[in-house]
Colleague: 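Provided herewith is a single structure, encoded as structure tokens, for subsequent inquiry.
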Amino acid sequence: MATAKIEILNGPNLNLLGQRQPEIYGHETLEDVGNACARLGQELGMQVRCRQSNHEGVLIDMIHDARGAAQGIIINPAAFTHTSVAILDALSAFEGPVIEVHISNIHKREAFRHHSYISARADALISGCGTQGYLLALQHMARLLG
Ligand code: DHK
């Protein structure tokens with residue numbers, strides 16, 4: 001079977017990972033996360049690409065580009081989790097598995113973070129495992145793609 005391509009998409013402010021509120025989001029940078037995911041992806045026989053945008057429309061375009069090109073999407077929509085029907089709709093137009101990741105436990109935080117528009121589409125949800133959550137998501141993605 002051809003190597004599965006997995007898109008890891010990250011929403012607003014995650015470019016500041018490692019600098020922004022490290023007591024919540026940890027000290028690892030998004031580059032560290034991307035490198036760790038690429039390494040694990042190789043072990044699991046998956047080709048992983050990690051991208052980030054601060055712009056809702058750009059994230060939607062990335063999801064559209066994944067249609068017919070990637071086998072799975074792992075997404076941390078960050079603040080758009082709680083606001084974006086448009087990202088939900090874009091993910092609903094993607095045919096493969098979708099895993100939603102949050103670094104923090106969104107249910108332990110402010111009430112406005114408790115609702116996720118994305119969860120209505122996500123096949124799995126990982127929240128509160130720190131940046132390790134991305135690696136857990138990749139392992140689960142490998143299982144889903146069998
Ligand atoms: C990241 C953010 O930037 C917040 O807006 C979300 C999420 C939580 C996270 O835990 O990764 O509410």
Side-chain angles (χ1 to χ4, degrees), residues 4-44 46-67 69-145:
K5 292 193 175 77
I6 309 301
E7 292 284 346
I8 302 184
L9 303 180
N10 291 280
N13 302 304
L14 289 170
N15 54 312
L16 297 181
L17 203 59
Q19 302 168 42
R20 163 200 182 217
Q21 296 179 282
E23 67 286 0
I24 296 177
Y25 299 108
H27 292 276
E28 265 196 321
T29 65
L30 195 58
E31 194 183 348
D32 294 333
V33 170
N35 289 339
C37 286
R39 272 195 302 274
L40 179 61
Q42 247 181 357
E43 282 172 34
L44 296 170
M46 302 187 299
Q47 190 181 314
V48 175
R49 180 163 70 163
C50 186
R51 290 194 291 169
Q52 186 275 337
S53 176
N54 291 323
H55 306 280
E56 188 175 18
V58 174
L59 289 164
I60 291 166
D61 289 342
M62 287 176 181
I63 295 166
H64 291 177
D65 290 346
R67 282 162 42 82
Q71 281 63 56
I73 293 179
I74 294 169
I75 184 164
N76 182 349
F80 292 143
T81 305
H82 320 296
T83 62
S84 184
V85 175
I87 290 179
L88 167 64
D89 286 349
L91 288 169
S92 298
F94 177 73
E95 50 289 320
V98 171
I99 303 180
E100 177 182 352
V101 170
H102 303 290
I103 296 166
S104 63
N105 178 356
I106 57 174
H107 296 288
K108 206 178 169 187
R109 299 183 64 191
E110 304 95 321
F112 65 82
R113 295 185 204 274
H114 295 180
H115 178 258
S116 165
Y117 281 99
I118 308 311
S119 292
R121 166 62 180 90
D123 298 290
L125 164 65
I126 296 169
S127 183
C129 297
T131 50
Q132 180 73 18
Y134 292 90
L135 300 175
L136 296 172
L138 266 180
Q139 278 165 346
H140 189 60
M141 184 63 79
R143 204 170 309 136
L144 289 177
L145 294 175

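Just follow the structure's listing: the first ligand is 1, and inside any ligand the first atom is 1. In this text, all values refer to a predicted model and were calculated from it rather than measured experimentally.
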Colleague: Using modelled atom types and a 3.5 Å cut-off, is there a donor and acceptor pairing between side-chain atoms of D61 and backbone atoms of V58?
Modeller: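 No.
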
Colleague: For the residue pair N13 / Y25, report whether a side-chain donor-acceptor contact shorter than 3.5 Å exists.
Modeller: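 No, N13 and Y25 have no side-chain donor paired with an acceptor closer than 3.5 Å.
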
Colleague: Just by distance, no angles: are the side chains of D89 and S92 close enough, under 3.5 Å, to form a donor-acceptor pair?
Modeller: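 No pair is found: no donor N or O on one side chain lies under 3.5 Å from an acceptor on the other.
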
Colleague: Hey, is ligand 1 close enough to I106 that some N/O pair sits below 3.5 Å?
Modeller: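 No, there is no polar N/O contact under 3.5 Å.
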
Colleague: Tell me which protein heavy atom sits closest to atom 2 (C) of ligand 1, plus the residue, atom name and distance to 0.1 Å.
Modeller: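 I find the closest protein heavy atom is Y25 OH, 3.4 Å.
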
Colleague: With no hydrogens and no angle check, just 3.5 Å: does a side-chain donor-acceptor pair link N54 and E56?
Modeller: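 No, because no side-chain N or O of N54 sits under 3.5 Å from a partner of the opposite role on E56.
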
Colleague: For ligand 1 and R20, I'd like to know whether there is a polar contact (N/O to N/O, distance under 3.5 Å).
Modeller: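 Right, the criterion is met.
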
Colleague: Has E31 got more than 12 heavy atoms of other residues, nucleotides or ligands less than 6.0 Å from its CD?
Modeller: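 No - once you tally the heavy atoms of other residues, nucleotides and ligands closer than 6.0 Å, there are 12 at most.
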
Colleague: What residue and atom, counting heavy atoms only, is the protein's closest point to atom 4 (C) of ligand 1, and at what distance?
Modeller: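 Here the closest protein heavy atom is R113 NH1, 3.3 Å.
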
Colleague: Go through the structure and list residues passing salt bridge (charged side-chain N to carboxylate O under 4.0 Å, His left out) with R20, not counting sequence neighbours.
Modeller: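 Salt bridge (charged side-chain N to carboxylate O under 4.0 Å, His left out) list for R20, sorted by chain: empty.
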
Colleague: Can you find an N or O of R109 that's nearer than 3.5 Å to an N or O of ligand 1?
Modeller: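 N/O-N/O distance under 3.5 Å: no.
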
Colleague: Quick check on contacts: which atoms of ligand 1 are under 4.0 angstrom from a heavy atom of H82?
Modeller: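 Under 4.0 Å from H82, ligand 1 has these atoms: 6 (C), 12 (O).
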
Colleague: Quick one: does A79 get an N or O within less than 3.5 Å of an N or O on ligand 1?
Modeller: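 So ligand 1 has an N or O lying under 3.5 Å from an N or O of A79.
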
Colleague: Around atom 10 (O) of ligand 1, find the nearest protein heavy atom and jot down its residue, atom name and distance.
Modeller: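 Looking only at protein heavy atoms, the one closest to atom 10 (O) of ligand 1 is S104 OG, 2.6 Å.
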
Colleague: Does the ring centre of Y117 sit less than 6.0 Å away from the ring centre of H115?
Modeller: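 That pair passes the under 6.0 Å test.
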
Colleague: What part of N76, side chain from CB on, backbone N/CA/C/O, both or neither, has a heavy atom under 4.0 Å from ligand 1?
Modeller: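 The answer is the side chain of N76.
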
Colleague: At what distance is the nearest protein heavy atom to atom 9 (C) of ligand 1, and which residue and atom is it?
Modeller: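 I find the closest protein heavy atom is I103 N, 3.3 Å.
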
